[in-house]
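Heads up: the structure comes next, in structure tokens.
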Amino acid sequence: MSIIGQGKDRGGGTEKVLINWLPQYLPPNLGKEEGKKKVNLLEVGALKPDNYDSYSSWISNTPIDLRSRHPKIIEQDFLLLDPVENREKWDVISLSLVINFVPSPHDRGKMLRLARSFLKSPTGLMFLALPSACIQNSRYLDRTRLGTLLHATGFRIVVERCKAGGKIVYLLCQADAPYPLDRSELPSELTTKRTLREGNRNNFAILL
Ligand SMILES: C[S@@+](CC[C@H](N)C(=O)[O-])C[C@H]1O[C@@H](n2cnc3c(N)ncnc32)[C@H](O)[C@@H]1O
């Protein structure tokens with residue numbers, strides 16, 4: 001269904017949102033203009049190999065997925081990428097509709113922490129897209145808690161899009177907040193589930 005959703009007849013993939021935002025938030029040495037360097041992008045959870053091909057003059061994309069559907073998509077678990085080799089390697093990391101596919105709340109938090117350490121600091125950008133229900137109708141996560149989690153992992157939200165009635169929430173986060181605290185220093189509401197809303201809700205959570 002995700003692949004069908006990426007078709008042009010369905011309005012295309014979420015990468016259009018990122019492409020729209022990117023030029024305004026890139027550091028001055030990167031981008032489309034002559035003399036600037038290409039953006040080094042890691043696309044996690046790539047369903048198609050060519051999402052960023054139209055922008056190849058200024059974006060160098062590396063698409064990865066747990067289960068590659070194409071020879072140009074590297075079969076790789078993001079959680080198992082070499083932390084030393086990838087440290088501060090990337091200008092942009094896209095986690096578009098990926099975190100909600102990860103079964104464990106702690107692994108979702110680990111994805112955020114890894115993304116922070118893999119991004120160039122302080123200019124690196126993480127593109128995060130989540131189904132709106134993960135934030136708007138979860139027992140354990142709301143917009144405020146998501147903001148706190150992102151801040152605790154060393155991100156500052158620079159722009160977000162959350163249309164009323166929209167199915168997806170998009171955020172662009174910069175890796176310029178202080179580097180993540182030691183896990184033992186984190187407040188317990190970020191490391192264990194806390195009910196934020198009662199009633200008939202889903203159980204989506206992100207934990208550090
Ligand atoms: C909904 S699909 C991706 C959608 C696409 N990125 C988009 O925005 O439309 C989620 C993808 O994330 C991949 N994925 C989940 N966990 C992953 C991990 N740890 N490392 C790499 N890919 C992962 C899944 O294999 C799946 O192909």
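Both counts, for ligands and for their atoms, begin at 1 and track the order of listing. Just so you know, these numbers come straight off a predicted model, no measurement behind them.
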Which of Leu18, Ile19, Leu22 passes side-chain contact (heavy atoms from CB on, under 4.5 Å) with Tyr55? It is Ile19
Sub-4.0 Å atoms of ligand 1 with respect to non-hydrogen atoms of Gln76 | 20 (N), 21 (C)
Sidechain-backbone polar pair: Asn61 side chain, Asn51 backbone, donor-acceptor under 3.5 Å | no
Report the part of Glu15 in contact with ligand 1, treating N, CA, C, O as backbone and CB onward as side chain, heavy atoms under 4.0 Å; options are side chain, backbone, both, neither.
-> neither
What pair of heavy atoms forms the shortest contact from Val39 to Gly31, and how long is it?
-> CG2-N, 4.4 Å
Under 4.0 Å from one or more heavy atoms of Phe78, ligand 1 contributes atoms 18 (C), 19 (N), 20 (N), 21 (C)
List the atom of Leu125, the atom of Tyr25, and the distance in Å for their closest heavy-atom pair.
-> CD1-O, 3.5 Å
Classify the angle between the aromatic ring planes of Trp21 and Tyr170 as parallel (below 30°), tilted (30 to 60°) or perpendicular (above 60°).
-> perpendicular
side-chain contact (heavy atoms from CB on, under 4.5 Å) with Glu160: which of Leu146, Leu172, Leu128, Leu171?
-> Leu171
Is it true that Leu47 lies under 4.0 Å from ligand 1, counting heavy atoms only?
-> yes
The one among Leu79, Asn51, Asp77, Leu66 that brings a heavy atom closest to atom 23 (C) of ligand 1 | Leu66
Go through ligand 1 atom by atom and flag the ones less than 4.0 Å from a non-hydrogen atom of Arg69.
-> 27 (O)
Just by modelled atom types, is the Ser121 backbone N or O under 3.5 Å from a matching donor or acceptor in the Glu88 side chain?
-> yes
If you measure from each non-hydrogen atom of Phe101 to ligand 1, which part falls under 4.0 Å: side chain, backbone, both or neither?
-> side chain
Should the proximity of Thr14 to ligand 1, defined as any heavy atom under 4.0 Å, be assigned to the side chain, the backbone, both, or neither?
-> side chain
For Asp65 and ligand 1, does the shortest N/O to N/O distance drop below 3.5 Å?
-> yes
